[in-house]
Asks: 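I have a structure here, written as structure tokens, and I will follow up with some questions on it.
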There are 2 protein chains.
Amino acid sequence: MAIPAERSPRGPGAEGEGAPLHLHRHAARPTIEDVAQFAGVSRGTVSRVLNGGHHVRPAVVANVNFAIETLGYSVNQAARNLAAGRTGSVAFVVSEHQEHIFEDPNYVLFVSVFGKELRRRGRHLLLTAAEDTEEEIFIGNYLSAGHVDGALLALPHADEPLLARLAQSRLPLVVIGRPLGYEDELSWVAIDDDTSAYEMVSYLVGRGRKRIGTVTGPLNTSGGRDRFEGYKRAVGPTFRASFVAEGDWSLESGRVGAKQILARHHNIDALFAASDLMALGALAALREAGRRVPHDVAVAGFDDSVAASLADPPLTTVRHPCEEIALEALRVLDDLMEGRSAGPEHVVLPTEFVRRRSA
Amino acid sequence: MAIPAERSPRGPGAEGEGAPLHLHRHAARPTIEDVAQFAGVSRGTVSRVLNGGHHVRPAVVANVNFAIETLGYSVNQAARNLAAGRTGSVAFVVSEHQEHIFEDPNYVLFVSVFGKELRRRGRHLLLTAAEDTEEEIFIGNYLSAGHVDGALLALPHADEPLLARLAQSRLPLVVIGRPLGYEDELSWVAIDDDTSAYEMVSYLVGRGRKRIGTVTGPLNTSGGRDRFEGYKRAVGPTFRASFVAEGDWSLESGRVGAKQILARHHNIDALFAASDLMALGALAALREAGRRVPHDVAVAGFDDSVAASLADPPLTTVRHPCEEIALEALRVLDDLMEGRSAGPEHVVLPTEFVRRRSA
DNA sequence: GTGAAAGCGCTAACAG
DNA sequence: CTGTTAGCGCTTTCAC
């Protein structure tokens, strides 16, 4: 407020000459100020154009954009974040070992989509794996300390202490998959595992298969539990626990599970694996046991990961829309971070039956 | 400059009372100012403590640290980066498809180590995959536009346009592996592929193997080329091109390559694969062909990835010190970013012969 | 050794 | 619709 009065004695525009400050500015990145000057507008206007161009005359927008291009200007995220009061980072928190995560094609896709989309929005992806309790505490502290604007969580296990911790923080949170025990209080985006599994197993039943086994996912995860429920509903009163083996999503667990079931029922005619990787393992076990697929035993997977189409025979499976889930999770998180949401949002995305040769 | 003059009529310190601004500061993160006040020192001193505590009395350091802990203070990276004139980000640029990358256990390790180490230093890891030419241009522009403080490059192919582009920018760069064509001008950290391969193949020779085949890596990469050179040196004058098949590091290419060699020489007694994954493929091909390993054919891999010890039989291989490479690359990059390096640094890390049962 | 003060580049009120 | 201005929280000279 005082400045104009002070300036007047020097005459208007006099300080425009106070340029010595700029002398040591060698080949520095152009700033918003440079753009403003070039376009003959104020910093504020340039900022508005940068942030959507609302309330700015189209002609001016064009002018500013021209200036931006000719100067090769690009926004300084640190400055923007500081001014806007955000960190510019979003965390992707996964439980389990980081190496194990990268084995799962679903996670890889998530990382890929999150990374790309966030960069488009001028944000960073922070990959954090909660490998052990110590790491979990560190992550809990780190996230709660305000180092990120929000977090995407893939913590499928029922009693995840980190989930409890984070749920109490003010941090915008979106869970990938339905978070057992926190369905109501947290936002999440998932698929209808139960119905998808039900439809797949019903398909097997419809094809005349009578003795259908299943290798489930971990039963303390919503995905593992719900796909198992769908299986149970579909086989109906013929359900018997001896047709079931619990796996952990991995190829090896699929092989072991299928072997167990085969040992108990040498004459199963179908097998529903709750993940493609496990189906692959089951395929190996069946091959070892001399069973032909799908002639003797029909095999169905879940996820439609790359492995599914490369399998021999290619897997009949359920497409898990990972990319859409990732995008939707990001949208929900954006709503949360920008304060556009009233309460927790729950999104259920449709899956798709994919018929190939294994069933 | 004008401001003090304007303020004086209100009396010194009068603006100290202009506190209403702080009223809407609800449960905000404590700032450096809060710490300074609590510790009874100035912002500058706290900053010094934050950055190593040089030129500060030990007692004061302790005081400030106490304040930091009790207040639960942690630095605001955006502000720090803005003030220090850096972005706080480091890119990890890889060629090829992102999905393909995550198949390679080496890359996964790199991502893991880079991410963790950079976070420790208050920096971010930006994962960028140059999947196609368009992406490459985008990445080139993005990196050159000053969005990152430096970049770690895994671009092994000889004529990588992105490498050429980046090499001309001012950006601090460290290449993982020896960059063909840019050995002198760029910094890099690698292993001695030639010698490592030489030693492995010499070991096979020493075990009495006479007809040694090899599945090489891509011959337009330094790793592929040098391991092949090592092989040639070791087999010496007995070298024949018909004992060689070129692979692409993948399991499948190892299987195909081994088959080709077997078709030409049904009686090979050893096979050196330039990667564990390819060795795994070769193992499968050998099994299909009814050869026993190592009795009929000794098989050696390279990398000592998890796959090596899980193989049947476990692979004799060369340990590729990925973690050390990652750490060293980060150190070199730090030197570059902080202006501590005179010129390009070249680091060659030792490998280790790992004897298991396959050879 | 330590404090004071000048920005870093940007956003977001607030006037007009 | 547009310009002005006050910070965002921190580092970094520059004095003392």
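Order of the sequence lines sets the chain letters (A, B, ...), proteins ahead of strands, with each chain counted from 1. Owing to the predicted nature of the structure, the values given are computational and were not obtained by experimental measurement.
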Asks: Just jot down the ring pair (Phe, Tyr, Trp, His ring centres under 6.0 Å) partners of A/F92, sequence neighbours excluded, or say none.
Replies: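 If we apply the ring pair (Phe, Tyr, Trp, His ring centres under 6.0 Å) test to A/F92, skipping adjacent residues, the hits are A/F114.
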
Asks: State whether a side-chain donor-acceptor pair under 3.5 Å links B/R123 with B/T87.
Replies: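 There is no such pair between these side chains.
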
Asks: How close or far is atom P of D/dT5 from atom CD1 of A/I32, stated in whole angstroms?
Replies: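 Whole-Å distance recorded here is 16 Å.
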
Asks: Residues of residues 47-65 of chain A with any non-hydrogen atom less than 4.0 angstrom from an atom of DNA chain C: list those, numerically ordered, please.
Replies: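 Going residue by residue through residues 47-65 of chain A, the ones with a heavy atom under 4.0 Å of DNA chain C turn out to be A/S47, A/R48, A/N51.
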
Asks: To the nearest 0.5 Å, how far apart are CD in B/E323 and CG in B/L349?
Replies: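 If I round to the nearest 0.5 Å, the distance is 12.0 Å.
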
Asks: Any salt bridge linking A/E338 with A/R86? Criterion: basic side-chain nitrogen under 4.0 Å from a carboxylate oxygen.
Replies: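 No salt bridge links A/E338 with A/R86.
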
Asks: Name all pairs fulfilling the ring-ring contact (aromatic ring centres under 6.0 Å, His included) condition that reach into residues 39-80 of chain A, sequence neighbours left out, sorted by first residue then second.
Replies: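 Sorted pair list comes back empty.
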
Asks: Applying salt bridge (Lys or Arg N to Asp or Glu O under 4.0 Å) to A/R331 and A/E117, what does each step give before you reach the verdict?
Replies: CA-CA 10 Å; A/R331 185 195 60 73; A/E117 285 299 309; over 6 Å; no

Asks: Judged by modelled atom types alone, do B/N141 and B/R165 share a side-chain donor-acceptor pair under 3.5 Å?
Replies: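 Result is yes, a qualifying pair exists.
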
Asks: Check the pair A/H147, A/S89 against side-chain hydrogen bond (donor to acceptor under 3.5 Å, both in side chains), reporting the backbone distance first and the verdict last.
Replies: CA-CA 7 Å; A/H147 288 278; A/S89 304; over 6 Å; no

Asks: Any idea which heavy atoms bring B/G88 and B/D149 closest together, and the distance?
Replies: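 Answer, listing the atom of B/G88 first, then B/D149: N-OD2, 2.8 Å.
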
Asks: For the pair A/R340 and A/D334, find out whether any cationic side-chain nitrogen is under 4.0 Å from an anionic carboxylate oxygen.
Replies: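 Looking at A/D334 together with A/R340, the answer is no, because their closest N to O distance does not fall below 4.0 Å.
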
Asks: Identify, residue by residue, the members of residues 74-90 of chain A with a heavy atom below 4.0 Å from DNA chain D, and return them in order of residue number, or none.
Replies: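 Residues of residues 74-90 of chain A under 4.0 Å from DNA chain D: A/L82, A/A83.
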
Asks: Under 4.0 Å, heavy atom to any atom of DNA chain D: which of residues 37-46 of chain B qualify?
Replies: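 Only B/R43, B/G44 qualify.
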
Asks: Supply the atom-to-atom distance A/D335 CG to A/S341 OG, rounded to the nearest 0.5 angstrom.
Replies: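 Rounded to the nearest 0.5 Å, the CG-OG separation comes out at 4.5 Å.
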
Asks: Distance from A/L330 atom CG to A/R121 atom CZ, nearest 0.5 Å?
Replies: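 That separation rounds to 4.5 Å.
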
Asks: Give me the residues of residues 139-150 of chain A where at least one heavy atom lies under 4.0 Å from an atom of DNA chain C, by number, or none.
Replies: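 DNA chain C contact set from residues 139-150 of chain A: none.
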
